[in-house]
Amino acid sequence: MQLRDKWLWAYVLRLMKEEDYQLIKFPVEEQKQQLQSNEQENTVTSAVLLRNDGRSFQMLRLQAVDSVWGATLNRDIRSLSDQAKEIKKRLKAKELSILNVYVFPYEKDAYLLEPIEKLNRLTEDKITVISNAVFIDTEQSLTEWGIPQNDLASFGLNTEQDKINLQRLEWISTEEILKEVKAEEKKKEKEFHSTFNYGKPKFTYLFLIINFIIFAFIEWQGSSTDPETLIQYGAKWAPAILEGEYWRFITPVFLHIGFIHILMNSLALYFLGNLVEKIYGSFRFLWIYLFAGFTGTVASFVFSSNISAGASGAIFGCFGALLYFGLQRRNLFFRTLGNDVIIILIFNLGIGFIVPVVDNYGHIGGLVGGFLAAMIVSLPAQNKKRLEKIASGLVAIVLVVSMLGIGFTKDHEDDVALLIQATIEINQENYTEARDLLERAIELGDQRPEVFLQLGAVYNQVEQFDEAIEVFNRALDGGATQPELYFQLAYAQLKLGDYENGEKNLLETIYRDPDIVEAYYNLTLIYIDQEEYEKAFEVLDRAAEREITDERTDELYERLNDFYEELQNGA
């Protein structure tokens, strides 16, 4: 039995060193049943090893067996087969192969082999479970039973070439072999730790702090959701870039639009940035993050006319860096974080295609940029990949130059950009410029009622009342029902002396929103002009009841009251 245990652990050691297996705990639960009744110094006589090729996992289960009933062996084989689905699920494996080996210290007996022969293979739902036996006797001979050579080869085993020299094992103690196994475990653990803890997340935390400071500053200056404020402080805005403000290719990475935006990006940066900076190191991460943010902004500049801001492009660059890590360390990638990274990436890209306000061009640009940036600097242990670095650097240069060439020669005038610019001009009270921009947007095909409403309000400001009435009616025909529409239409009608329709639309305004004080004020003026003083008082009283009066309505009420008293006294 000593020889059997030595062979088991010597074989475990060879598989760990030569076949990239890892010694693991049983993935589902500790065995409640022990197949052997081993009383020799509490020596552990079972081992489970795991390795993978991408998402295809192989598990090798070795058990040293003394005397055992065939029914117990049968039950153990069935139990492992029943647990195989749960093992596959926990490993998130696409395919799972399990080799279940029983190591006996004596020559084979028919009653032991019967359950193995009967249940030696299960294949179901991309799961294969193979059971077999190995027999070691006192004459230092080793025989295997019940497993085809091609199955052995797939697990890194070969009955002809990989036999352990049993005679040599007599001169080595079990403790010495176990010591080597522990040393190999520590070596693999150290390699794992060094891979995922190469650097410390210094820049990740620095970027988080910078983002929140800038967000607070912009909120203090105006609003992070106000287009004008965003453009003022560095958001991606194609007209400004075309005028020479090239720094806008990087400043959007540090701006965010609203609290939810910065919160979600900060959470993503905290987890992804931490991971990427630990794998690549701080300065490689700094390069990856900033280059991905830059390429994300460039892609947005080429394909989107919207204002753009946020760290999303740089964060997707972290995804790109993790994909490059997966390409270089494929097995480790899928053994640890690969499935989660791919699922989250696909989910976020899918959201970008579904939700219109999300700038997916920036996301994709950042993803590609992050992959290329990681390829240029490579992983810390791959500094000698000069040809790959040069090639990826050339690809990055060609890609960026080509994208910039397209962006600077492209006509960025579309209805979205025109509407944004028009809103900025309105806020700055540049109504003539706003009118021209809105008219151009409608010419380009934007026929939305809200655009007609906005243009009509601008026409009122520049005293083009006939044009205002025309576009307001187009908005009504398009299904618009906003109280503001009826109020602005009434204003234009009153300016042209159409008191009948003006009164009608002011009443409709109050019906749809009884808290617009200007509607009460203008309606009162109509009734005074028509000498319908009782109606004028009634309108002002309704405003007072709703507690929405202001200085103008109060003054109008006093003037109306004085005039009405004089009129009564004169009568």
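Every heavy atom of this structure was used, including side-chain atoms; hydrogens, water molecules and symmetry mates were not. Numbers here are sequence positions counted from 1.
- For Asp340, the side-chain contact (heavy atoms from CB on, under 4.5 Å) partners are Lys92, not counting sequence neighbours.
- Between the side chains of Arg435 and Gln461, no donor-acceptor pair of N or O atoms lies under 3.5 Å.
- In this structure, the separation between CD1 on Ile424 and CG on Asn430 is 11.0 Å, given to the nearest 0.5 Å.
- Results of the salt bridge (Lys or Arg N to Asp or Glu O under 4.0 Å) test with Arg546 over Asp541, Asp515, Asp513 single out Asp515 as the only residue that passes.
- Within the 4.5 Å cutoff, side-chain heavy atoms of Leu419 are placed close to those of Leu438.
- Around the NZ atom of Lys410, the shell of radius 6.0 Å holds more than 12 heavy atoms that belong to other residues, nucleotides or ligands.
- Side-chain contact annotation: Lys236 with Ser300, donor-acceptor N/O pair under 3.5 Å present.
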Please report the C-alpha distance between Glu443 and Arg440 in whole Å, then the side-chain angles of each, then the deciding distance to 0.1 Å, and finally whether the salt bridge (charged side-chain N to carboxylate O under 4.0 Å, His left out) criterion is met. CA-CA 5 Å; Glu443 287 176 10; Arg440 179 63 180 151; 3.3 Å; yes

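- The shortest distance between side-chain heavy atoms of Asp466 and Tyr459 does not fall below 4.5 Å.
- With sequence neighbours excluded, the residues satisfying salt bridge (charged side-chain N to carboxylate O under 4.0 Å, His left out) with Glu450 are Arg448.
- Atom CE of Met403 is surrounded by more than 12 heavy atoms from other residues, nucleotides or ligands within 6.0 Å.
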Test Phe215 against Phe212 for ring-ring contact (aromatic ring centres under 6.0 Å, His included), laying out the working first. CA-CA 5 Å; Phe215 180 79; Phe212 274 103; 7.2 Å; no

CA sep, side-chain torsions, deciding dist, call: Phe207, Leu286, side chain to side chain contact (heavy atoms under 4.5 Å, CB included): CA-CA 10 Å; Phe207 287 140; Leu286 177 65; 3.5 Å; yes

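- Heavy-atom minimum distance, Ile548 versus Pro514: CD1-O, 3.5 Å.
- Checked by atom type and distance alone, the side chain of Thr553 never pairs as donor or acceptor with a backbone atom of Thr549 at under 3.5 Å.
- With sequence neighbours excluded, the residues that form a side-chain contact (heavy atoms from CB on, under 4.5 Å) with Arg330 are Asp53, Phe334.
- Shown here are the side chain to side chain donor-acceptor pair (under 3.5 Å) partners of Glu388, two or more places apart in sequence or in another chain: Tyr324.
- With Ser266 as the partner, the side-chain contact (heavy atoms from CB on, under 4.5 Å) test is satisfied by one option alone out of Leu263, Leu269, Ile262: Ile262.
- Under the rule for a side-chain contact (heavy atoms from CB on, under 4.5 Å), the partners of Phe192 that lie at least two apart in sequence or sit in another chain are Phe196, Leu332, Thr336.
- If you take CG on Leu399 and CG on Leu394, they are separated by 12.5 Å, rounding to the nearest 0.5 Å.
- Shown here are the side chain to side chain donor-acceptor pair (under 3.5 Å) partners of Glu228, two or more places apart in sequence or in another chain: Gln428.
- The structure places CG of Leu560 at 11.0 Å from CD of Glu558, a figure rounded to the nearest 0.5 Å.
- From Phe57, atom CZ reaches atom NZ of Lys88 across 11.0 Å, with rounding to the nearest 0.5 Å.
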Could you walk me through whether Tyr521 and Asp550 pass the side chain to side chain contact (heavy atoms under 4.5 Å, CB included) check? CA-CA 10 Å; Tyr521 182 81; Asp550 58 15; 5.6 Å; no

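- For Phe249, the ring pair (Phe, Tyr, Trp, His ring centres under 6.0 Å) partners two or more places apart in sequence, or in a different chain, are Phe294, Phe301.
- When the ring pair (Phe, Tyr, Trp, His ring centres under 6.0 Å) test is applied to Tyr361, the partners found at least two apart in sequence or on another chain are Phe303.
- For the pair Lys504 and Glu500, the salt-bridge criterion is not met [side-chain N within less than 4.0 Å of a carboxylate O].
- The stretch residues 259-288 participates, sequence neighbours left out, in these ring pair (Phe, Tyr, Trp, His ring centres under 6.0 Å) pairs: Phe203-Phe283, His256-His261, Phe285-Tyr289, Trp287-Phe291.
- Every residue meeting the side chain to side chain donor-acceptor pair (under 3.5 Å) condition with Asn501, not counting sequence neighbours, appears here in chain and number order: Asp498.
- For residues 306-322, no pair satisfies salt bridge (Lys or Arg N to Asp or Glu O under 4.0 Å), with sequence neighbours left out.
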Could you go step by step and tell me if Glu503 and Tyr527 meet the side-chain hydrogen bond (donor to acceptor under 3.5 Å, both in side chains) rule? CA-CA 9 Å; Glu503 176 189 357; Tyr527 290 142; 2.9 Å; yes

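- Between Glu545 and Arg542 no salt bridge is recorded (no basic side-chain N to carboxylate O distance below 4.0 Å).
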Passes side chain to side chain contact (heavy atoms under 4.5 Å, CB included), Leu327 versus Leu323? Steps please. CA-CA 6 Å; Leu327 187 67; Leu323 291 180; over 6 Å; no

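- Among residue pairs with one or both ends in residues 478-490, those qualifying as side chain to side chain donor-acceptor pair (under 3.5 Å) are Asn460-Gln488, Glu484-Gln488; sequence neighbours excluded.
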Go through the steps to decide whether Thr229 and Asp226 satisfy the test side-chain hydrogen bond (donor to acceptor under 3.5 Å, both in side chains), and finish with yes or no. CA-CA 5 Å; Thr229 305; Asp226 175 43; 2.8 Å; yes

Begin with the C-alpha distance, continue with both residues' side-chain angles, and end with the deciding distance and a verdict on side-chain hydrogen bond (donor to acceptor under 3.5 Å, both in side chains) for Tyr431 and Glu425. CA-CA 7 Å; Tyr431 298 112; Glu425 298 295 346; over 6 Å; no

As a quick check of understanding, evaluate side chain to side chain contact (heavy atoms under 4.5 Å, CB included) for Glu277 and Lys202, giving each step before the final call. CA-CA 8 Å; Glu277 193 166 0; Lys202 301 174 184 177; 4.0 Å; yes

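- Rounded to the nearest 0.5 Å, atoms CD (Glu532) and OG1 (Thr524) are 12.0 Å apart.
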Take Glu508 and Arg512, measure what salt bridge (charged side-chain N to carboxylate O under 4.0 Å, His left out) needs, and give me the verdict at the end. CA-CA 6 Å; Glu508 186 67 26; Arg512 293 180 180 276; 2.8 Å; yes

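- Around atom CH2 of Trp247, more than 12 heavy atoms belonging to other residues, nucleotides or ligands sit under 6.0 Å away.
- With hydrogens and angles disregarded, no donor-acceptor distance shorter than 3.5 Å links the side chain of Ser223 to the backbone of Glu219.
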Go through Lys535 and Glu538 one step at a time and tell me if the salt bridge (charged side-chain N to carboxylate O under 4.0 Å, His left out) criterion holds. CA-CA 5 Å; Lys535 286 187 177 181; Glu538 183 180 343; over 6 Å; no

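- Residue Asn505 holds its CG atom at 14.5 Å from OH of Tyr511, rounded to the nearest 0.5 Å.
- The shortest side-chain heavy-atom distance between Asn561 and Phe537 falls under the 4.5 Å cut-off.
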